Engineer: 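Structure in structure tokens, see below.
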Amino acid sequence: MPPVIRSNQLAQVDGQEVTLQGWIYNRTHKGKLVFLLVRDGYGFVQCVAFQRDLDPELFEAIVRVPQESSVRISGVVRADKRAPGIPGGYEIGITGLEIVQSVEGEYPIALKEHGVDFLLDHRHLWIRVPSQWAILRVRATVIKAIRDWLDGNGFTLVDTPILTPAACEGTTTLFGTKYFDEGMAYLAQSGQLYNEADIFAFGKVYCFGPTFRAEKSKTRRHLTEFWMVEPEMAFCDLDQLMEMEEQFISHIVQTVLRDCRAELLSLGRDLTVLEKVVPPFPRISYDDAVKKLAEIRDRTDDPEQKALLTMEWGGDFGSPHETELTKLYDKPVFCYGYPSAVKAFYMEPWPGRPEVSKSVDLLAPEGYGEITGGSERISDPDLLLERIRQHDLPEDAFRWYIDLRRYGSVPHSGFGLGVERTVAWLCGIDHIRETIPYPRTINRVYP
RNA sequence: UCCUCGGUAGCUCAAUUGGCAGAGCGACCGGCUGUUAACCGGUUGGUUCCUGGUUCGAGUCCAGGCCGAGGAGCCA
């Protein structure tokens, strides 16, 4: 058997006889000529067989091999501009075919449009198709870029618990589970409070794992289980946080452009908009954003849009507001200085303006909305205690958290980045359920 | 929780005023030497989401329910 190669390395073995191990994605029979489109996990390759070049039994086997059958194909690699595939441009002239398993019966996913519910019921098979394969390859690259950048810039990975004693922020609805004789435990919605403890031991830390929200959100931007990376830094104020974030995000985007070019192109993504994502990012204060939104609203004729954009200083932005704001820029934009009332209890107040918090969200362009949310944290123990009381949070549960401000308190900041929203933006797809291998939504836990 | 839309063949969808339930794709058979979800001919394919009602007659109208999608709120 000729040496086994990966389909994304075909250019390096042009002219050589190789073996490709994979699955039949599509077959086009033209009579005396057959095209097989083969997946091998690394890409999609066209393999071609001419009847006159092969013995009749082999040719007949190639003609008959059903979709999704597992195969070992040997043949000679050649460049051909007509060859489809990911990345494409090379094809294999078949000299041999070994069928590992021949599929019997109908394969559920046809090469045509399907409904969302049907596809999600068959998610275990859906991930084989080019679009889903490409998206999940981008996801893996995003995660690797995140870890590489943080590991290379002085951050220590410190894992935070998934089973937690209570609501971290006391806001969203959590999934609960009975925890032996200790009452209820809750699936983590954030590792942030633990991160804040960890920076006093390690300086700069991050946690990276699944988080859970039991909110009954039914939109293209929500999952009940999603992945979030949360960096946290000691001796870091809000401005330094934004500087770090733009370096970090730019690294992720440029890494994906470099390592997942074929995947992005196969998804039809416009790469020029991603190439622009380099520091610095534009920054707009909440105050100015509210003014801009009022101007946009005044210019709008659509009464429905007018109603959606209505807001006064003090409210939080909804999805329509974020979309309009991001349309003003061709890069991600920082929006900072939200009213304290709409943000979590632990955020540092703006100097001289206690009604404003040192908070910052990063909004992705093209209407993708909030991909990070962060802030400078309160460093004064008395102020923190005051806020905990104002928010009616159980003081006892936060005793350890207040301790952090009593023993060597420093200005510190951090944020959370939603992996799925980032992948959706980079891939240019409109629903985040496609950016996670097995999405969990309010009415789906299968497969 | 609220608003809007939807549920018909394995899949994607049609079905006029309430009047014989259809097409494409898939599968199967045949044809084709450059296909890109190939194309062409043939064969196969039905609990019209459920329950009740109106009617000579219901996929279609009415009531209730179930399931799904999009959006709002909340958030990443």
Side-chain angles (χ1 to χ4, degrees), chain A residues 25-37 44-53 59 63-64 66-67 80-86 88 91 93 103-122 126 129-131 169 171-174 189-192 210-230 266 304 307-308 315-323 342-344 361-364 368-374 415-425 430-433 435-436 441-444:
Chain A
Y25 178 66
N26 194 14
R27 187 190 61 215
T28 305
H29 181 206
K30 294 272 301 171
K32 298 187 175 79
L33 166 66
V34 180
F35 299 100
L36 300 179
L37 192 56
F44 291 71
V45 193
Q46 173 161 279
C47 303
V48 188
F50 291 94
Q51 188 172 36
R52 59 148 196 254
D53 298 337
F59 188 77
V63 168
R64 298 282 163 189
Q67 184 190 5
D80 191 315
K81 283 179 184 161
R82 294 169 297 183
I86 306 173
E91 63 183 21
V103 169
E104 288 179 25
E106 279 188 44
Y107 182 67
I109 301 199
L111 302 180
K112 55 163 294 192
E113 274 187 45
H114 292 282
V116 170
D117 197 41
F118 175 83
L119 287 171
L120 287 173
D121 279 342
H122 296 84
W126 187 24
V129 312
S131 63
E169 306 180 8
T171 50
T172 51
T173 317
L174 304 182
Q189 63 158 328
S190 165
Q192 184 204 312
T211 47
F212 307 88
R213 306 277 165 93
E215 292 287 341
K216 290 206 166 184
S217 297
K218 274 186 69 164
T219 82
R220 67 184 67 193
R221 298 176 307 282
H222 290 88
L223 298 168
T224 55
E225 177 183 305
F226 65 97
W227 284 65
M228 184 158 71
V229 59
E230 294 176 274
S266 80
E304 194 180 336
L308 281 172
D316 202 358
F317 296 141
S319 178
H321 306 104
E322 289 181 354
T323 301
V342 300
K343 289 292 183 182
D361 287 355
L362 184 65
L363 309 179
Y368 279 94
E370 184 181 345
I371 53 172
T372 81
F415 67 97
L417 169 82
V419 168
E420 288 77 16
R421 286 187 183 178
T422 303
V423 174
W425 163 47
D430 68 355
H431 202 304
I432 64 168
R433 66 183 157 221
T435 66
I436 187 167
T441 56
I442 57 173
N443 33 35
R444 176 171 295 280

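Here is how names work: the chains are called A, B, and so on, in the same order as the sequence lines, proteins then strands, and each is numbered from 1. Note that the structure is predicted; figures quoted are calculated from it, not measured. No hydrogens, no waters, no symmetry mates; every other heavy atom, side chains included, goes into these values.
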Engineer: Now, which nucleotide makes the Watson-Crick or G-U wobble pair with B:C74, with each of the two distances under 3.5 Å?
Structural biologist: none
Engineer: Nearest 0.5 angstrom please: A:L174 CG to A:Q189 CD, how far?
Structural biologist: 5.0 Å
Engineer: Do the side chain of A:K30 and the base of B:C32 come within less than 3.5 angstrom through a donor-acceptor pair of N or O atoms?
Structural biologist: no
Engineer: Tell me if the side-chain of A:Q46 makes a donor-acceptor pair with the base of B:U35, cut-off 3.5 Å, by modelled atom types.
Structural biologist: yes
Engineer: Please work out if A:G105 contacts a base, only the sugar-phosphate, or nothing of the nucleic acid, heavy-atom cut-off 4.0 Å.
Structural biologist: nothing
Engineer: Looking across every strand, which nucleic acid part, if any, lies under 4.0 Å from A:D316 by heavy atom: base, sugar-phosphate, or nothing?
Structural biologist: sugar-phosphate
Engineer: Just to confirm, is there a sub-4.0 Å distance from OP1 or OP2 of B:C29 to any side-chain nitrogen or oxygen of A:R64?
Structural biologist: yes
Engineer: Return the value, rounded to whole Å, for the distance between atom CZ of A:F118 and atom P of B:C25.
Structural biologist: 17 Å
Engineer: Is it the case that B:U35 (base atoms only) and A:R82 (side chain only) share a donor and an acceptor within less than 3.5 Å, ignoring hydrogens and angles?
Structural biologist: no
Engineer: Within this structure, what is the CG-CE distance for the pair A:L417 and A:M228, rounded to the nearest 0.5 Å?
Structural biologist: 9.5 Å
Engineer: Taking pairing as Watson-Crick or G-U wobble with both contacts under 3.5 Å, can you name the mate of B:C61, or confirm there isn't one?
Structural biologist: B:G53
Engineer: May I ask you to verify if any side-chain N or O of A:H431 is less than 4.0 angstrom from the OP1 or OP2 atom of B:G70?
Structural biologist: yes
Engineer: With C1' as the reference atom in both, quote the distance from B:C13 to B:G26 in angstrom, rounded to an integer.
Structural biologist: 14 Å
Engineer: Pick the C1' atom in B:C49 and in B:C32, then give their distance to the nearest Å.
Structural biologist: 43 Å
Engineer: Could you state the atom-to-atom distance from NE2 of A:H29 to C1' of B:A37 in whole Å?
Structural biologist: 18 Å
Engineer: If we take the C1' atom in both B:U16 and B:G22, what is their distance in whole Å?
Structural biologist: 14 Å
Engineer: Expressed as a whole number of Å, how far does the C1' atom of B:C67 sit from that of B:C61?
Structural biologist: 22 Å
Engineer: Can you tell me the distance, in whole Å, between the CG atom of A:L37 and the P atom of B:U35?
Structural biologist: 15 Å
Engineer: So what does A:T372 hit on the nucleic acid, given a heavy-atom distance under 4.0 Å: a base, only sugar-phosphate, or nothing?
Structural biologist: sugar-phosphate
Engineer: Using the C1' atom on both, measure B:G53 against B:C11 and round to a whole Å.
Structural biologist: 34 Å
Engineer: Check the orientation of A:H122 and A:F118. Use parallel for under 30°, tilted for 30 to 60°, and perpendicular for over 60°.
Structural biologist: tilted
Engineer: Using atom NZ of A:K216 as one end and atom P of B:C2 as the other, report the distance to the nearest whole Å.
Structural biologist: 10 Å
Engineer: Counting distance alone, no hydrogens or angles: does the base of B:A72 have a donor or acceptor under 3.5 Å from a partner atom on the side chain of A:K218?
Structural biologist: no
Engineer: Any side-chain heavy atom of A:R433 sitting closer than 4.5 Å to one from A:V116?
Structural biologist: yes
Engineer: Round to the nearest Å and state the distance from A:Q51 atom CD to B:G34 atom C1'.
Structural biologist: 16 Å
Engineer: Once you apply a heavy-atom cut-off of 4.0 Å, does A:G318 come out as touching a base, just sugar-phosphate, or nothing?
Structural biologist: sugar-phosphate
Engineer: For A:L417, which contact category applies under a 4.0 Å heavy-atom criterion: base, sugar-phosphate, or nothing?
Structural biologist: nothing
Engineer: Using a 4.0 Å heavy-atom cut-off, does A:R433 contact any base of the nucleic acid, only the sugar-phosphate backbone, or nothing at all?
Structural biologist: sugar-phosphate
Engineer: The side chain of A:H222 is closest to which nucleotide in this list: B:C11, B:A76, B:G34?
Structural biologist: B:A76
Engineer: Under 5.5 Å centre to centre and under 30° between planes: does that hold for A:F226 and the six-membered base ring of B:A76?
Structural biologist: yes
Engineer: Classify the side chain of A:E113 versus the base of B:G24 as yes if they form a donor-acceptor pair under 3.5 Å and no if they do not.
Structural biologist: no
Engineer: Any chance you could measure A:L119, atom CG, to A:I109, atom CD1, to the nearest 0.5 Å?
Structural biologist: 5.5 Å
Engineer: Distance between the C1' atoms of B:C29 and B:U17, in whole angstroms?
Structural biologist: 43 Å
Engineer: Return the 5'-most residue of the pair A:V48, A:F317 with respect to RNA chain B, ranking by each residue's nearest nucleotide.
Structural biologist: A:V48
Engineer: Checking base pairs now: Watson-Crick or wobble, both atom distances under 3.5 Å. What partners B:C5?
Structural biologist: B:G68
Engineer: To the nearest Å, give me how far apart CD1 (A:I432) and P (B:A76) are.
Structural biologist: 12 Å
Engineer: Could you give the distance separating B:U43 and B:C3 at their P atoms, to the nearest angstrom?
Structural biologist: 50 Å
Engineer: If you measure from CG on A:L33 to CZ on A:R52, what distance do you get to the nearest 0.5 Å?
Structural biologist: 9.5 Å
Engineer: A side-chain contact here means heavy atoms from C-beta on lying under 4.5 Å apart; do A:K218 and A:T441 qualify?
Structural biologist: no
Engineer: Under 4.0 Å: is that the gap between some side-chain N or O of A:N443 and OP1 or OP2 of B:G68?
Structural biologist: yes
Engineer: For atom P, what is the distance between B:C5 and B:C75, given to the nearest Å?
Structural biologist: 29 Å
Engineer: Paired with B:C39 by Watson-Crick or G-U wobble geometry, both distances under 3.5 Å: which nucleotide is it?
Structural biologist: B:G31
Engineer: Under 4.0 Å between a side-chain N/O of A:R221 and OP1 or OP2 of B:A72, yes or no?
Structural biologist: yes
Engineer: Just name whichever nucleotide pairs with B:G46, Watson-Crick or G-U, keeping both distances under 3.5 Å, else none.
Structural biologist: none
Engineer: Nearest 0.5 angstrom please: A:Q67 CD to A:L111 CG, how far?
Structural biologist: 5.0 Å
Engineer: Any base atoms under 4.0 Å from A:Q67, or only sugar-phosphate, or nothing? Heavy atoms, all strands.
Structural biologist: nothing
Engineer: Does A:T28 have a side-chain nitrogen or oxygen under 4.0 Å from the phosphate oxygens OP1 or OP2 of B:C39?
Structural biologist: no
Engineer: Between P on B:G34 and CZ on A:F50, what's the gap in Å once rounded to a whole number?
Structural biologist: 8 Å
Engineer: Is A:H114 side chain donor-acceptor paired with the B:C11 base, going by distance under 3.5 Å alone?
Structural biologist: no
Engineer: Measuring to OP1 and OP2 of B:U33, would you say a side-chain N or O of A:K32 lies under 4.0 angstrom away?
Structural biologist: yes
Engineer: Any donor-acceptor pair under 3.5 Å between the side chain of A:S217 and the base of B:C74?
Structural biologist: yes
Engineer: Using atom CZ of A:R27 as one end and atom P of B:A37 as the other, report the distance to the nearest whole Å.
Structural biologist: 16 Å
Engineer: Name the nucleic acid region contacted by A:T422, choosing base, sugar-phosphate or nothing; use a 4.0 angstrom heavy-atom cut-off, strictly under.
Structural biologist: nothing
Engineer: At 4.0 Å (heavy atoms only), tell me whether A:E370 reaches a base, stays on the sugar-phosphate, or touches nothing.
Structural biologist: sugar-phosphate
Engineer: State the OG1-CD distance between A:T422 and A:E420, to the nearest 0.5 angstrom.
Structural biologist: 8.5 Å
